[in-house]
There are 2 protein chains.
Amino acid sequence: MTDQPAFEQVRPVRLYERIVEQVEAAIANGELVPGQHLPSERELVAQFGTSRATVREALRVLESNGLVRSRPGDPNGPEVLPFTARGLSKQLRRLARAEELTLAQLLVSRMMLDATANRLAAVLRTAEQLADMEAAIDGMRVALDLGYDAFGEADLAFHEAVAAASGNTMIQVSNEVVRDTVLSVISDRIAHARNSKALMRRSLEHHEQVLDAIRSGDGPEAARASLQSLYDYYAGYVPAVERRALRALLDPAPPTGAG
Amino acid sequence: MTDQPAFEQVRPVRLYERIVEQVEAAIANGELVPGQHLPSERELVAQFGTSRATVREALRVLESNGLVRSRPGDPNGPEVLPFTARGLSKQLRRLARAEELTLAQLLVSRMMLDATANRLAAVLRTAEQLADMEAAIDGMRVALDLGYDAFGEADLAFHEAVAAASGNTMIQVSNEVVRDTVLSVISDRIAHARNSKALMRRSLEHHEQVLDAIRSGDGPEAARASLQSLYDYYAGYVPAVERRALRALLDPAPPTGAG
DNA sequence: ATGCATTTGTTCGTATGTATC
DNA sequence: AGATACATACGAACAAATGCA
């Protein structure tokens, strides 16, 4: 059964990469816990048997990925950081800028994430989480007269309350990151339309629909309403050809009808 | 209207970070295009006015983020790379590990991603992409008699064809990562059941349903069938209490009926 | 509150193997 | 095939920053 040797392609693996791998592995499997400290640079030099420059290159990479932080003069050595979504956010933004991710793609992702979070929240929410959502909606209602900044803040609070109630960290974090990325991509274009009170009122109505559905435990309706809300709010910024993808998420009815 | 000064937090910004920022910016705004080359390390030392080690730390960070690649002896200098989703994939994997996602959470994410990809693919697929899916299904059919390894491979090919046809890089990459993670979590438990021909046949039927829906452009049906397929295949491995979340994604009908 | 020992940030010099012309 | 310029990696050094006695 010895088919063929099946050699793998080899590429030169730098010393600093091996150090990165070892530290990453140690963090991944729990040997190193956030708050703990790595040995000092010179100690690492001894342990890895390389020069200080090499160790430092590895530390810089780990640092830029948000895994550790080293400060000058700290005798404790580089600190292992708790997880943040900063690296994920950075990569997404990069992807968006490279125009591998169009606004339409980002919005599709956002609709998917938000709709699913709402659907889950309708079933899984606790009374306390429901109260958080209601408080956020109240905040939006009050903020109608305070301008978009306050309104946007309350809006954000609602979506985060829903995401938390979904009980799914993956969806929660992804949604957060995608939401930020969407805003960073079109914030300039959307700025002039923001203060339209009519838009805010409409948005509020949509959110109230979603909340009603969640309150009554109707997941599909919560999902439907949130999809419609996002579509109405953002579709105008998407080129017409790409709007097909957004619409594909909307109607549960097959498109066998008239055009 | 001058509320308060609103000072920002300051933290020491390393020299290597500034270099990274400048190069990233140059790539982001198109000054540097994939295929182009940065000046040699020594030339960069002159331009940035720092030492070699500092420039190298910056290059290592850029390299680990997949933006450039430097080879020893290359007189052209470090090459600017075309964009890949490798960095995003790495960060997503980190999220999955760090947050200690339960199997239920991973499966919910997988169902969400796969259903959306199918829904989009039903509307956006090209003829060629449809052919890829059909080829994959044919492969599954053939592999019924070849055992699970071949079957799983064809299965994977189908899902990747669908993801590609969704036209959404975010969904494609996320789905890939989540799928891998799910398998790595339960591969041991599922191994003994793998070779059940009945299971494979049932899985094939489900996939054929999905393909039919995609072929006829029926997004909602494609989503429904894929959700049902994943649920049937994996729900048994999820603790009963957590199964509620999975079921919440299934029925479009509100749960107002009998318990 | 002060100093001291230690650590990091950064620089310079050098030896070695490599890719290109 | 050789010359040249390059990246990899090492070692020593100094200034600034930190934590602890």
Side-chain angles (χ1 to χ4, degrees), chain A residues 8-24 26-27 32-82, chain B residues 7-24 26-27 32 34-82:
Chain A
E8 288 179 10
Q9 192 137 17
V10 292
R11 64 177 173 76
V13 56
R14 313 263 204 284
L15 289 184
Y16 87 90
E17 282 188 273
R18 304 207 189 167
I19 298 180
V20 169
E21 285 170 13
Q22 287 196 43
V23 177
E24 273 185 345
I27 293 179
L32 284 169
V33 163
Q36 272 190 313
H37 291 263
L38 271 64
S40 75
E41 286 186 4
R42 286 170 175 81
E43 178 61 30
L44 290 172
V45 166
Q47 290 194 26
F48 287 113
T50 68
S51 76
R52 196 160 152 231
T54 304
V55 167
R56 283 177 60 76
E57 287 174 10
L59 286 175
R60 292 298 83 83
V61 169
L62 292 168
E63 195 169 33
S64 90
N65 285 354
L67 288 168
V68 307
R69 175 189 55 179
S70 49
R71 292 176 311 161
D74 190 339
N76 301 317
E79 181 185 359
V80 177
L81 297 177
Chain B
F7 294 123
E8 286 180 12
Q9 194 138 16
V10 292
R11 62 176 174 74
V13 56
R14 315 263 204 286
L15 290 184
Y16 88 90
E17 283 188 274
R18 303 206 190 169
I19 298 181
V20 169
E21 286 170 13
Q22 286 196 43
V23 177
E24 275 185 344
I27 293 179
L32 284 170
Q36 272 190 313
H37 291 264
L38 270 64
S40 74
E41 283 188 6
R42 288 170 178 81
E43 178 61 30
L44 289 172
V45 166
Q47 290 193 25
F48 287 113
T50 67
S51 77
R52 187 97 186 278
T54 304
V55 167
R56 282 177 60 77
E57 287 177 10
L59 285 176
R60 291 298 84 83
V61 169
L62 292 168
E63 193 170 36
S64 91
N65 285 351
L67 288 169
V68 307
R69 176 189 55 181
S70 49
R71 292 176 310 162
D74 189 341
N76 301 317
E79 182 185 358
V80 177
L81 297 177

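Chain B approaches DNA chain D over the interval D:dC6 to D:dT8, counting the first and last nucleotide 5' to 3' with an atom under 4.0 Å from its heavy atoms.
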**Request:** Between protein and nucleotides 16-21 of chain C, map the contacts as a letter string: B base, S sugar-phosphate only, - none, heavy atoms under 4.0 Å, written 5' to 3'.
**Result:** --BBS-

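Remark: A:E79 pairs with A:R69 by the side-chain hydrogen bond (donor to acceptor under 3.5 Å, both in side chains) rule, at least two apart or across chains. Partners of B:E21 according to the salt bridge (charged side-chain N to carboxylate O under 4.0 Å, His left out) rule, which considers only residues two or more places apart in sequence or in another chain, do not exist here. With sequence neighbours left out, the side chain to side chain contact (heavy atoms under 4.5 Å, CB included) criterion links B:S70 to A:R14, B:R60, B:E63, B:P78.
Smallest separation of non-hydrogen atoms from B:V45 and B:R52: CG2-CA, 3.6 Å. In this structure, B:T50 and B:T54 approach most closely via the heavy-atom pair OG1-CB, 3.8 Å. Nearest approach of B:V61 to A:S64, heavy atoms of both residues: CG1-OG, 3.5 Å. Heavy atoms only, all atoms of each residue included: A:H37 and A:D74 are closest at CE1-OD2, 4.3 Å. The minimum heavy-atom distance linking B:V68 with B:L59 is given by the pair CG2-O, 4.2 Å.
Mapped onto DNA chain D by nearest heavy atom, A:G49 and B:G77 fall at different nucleotides, with B:G77 at the one closer to the 5' end.
A donor-acceptor pair is defined here as one N or O able to donate and one able to accept, closer than 3.5 Å; no such pair exists between the side chain of B:N65 and the backbone of B:L67.
Side chains of B:L38 and B:V80 form a contact here, defined as non-hydrogen atoms less than 4.5 Å apart.
If you check residues 50-65 of chain A against DNA chain C, the residues with a heavy atom closer than 4.0 Å are A:R52, A:R56, A:R60, listed by number.
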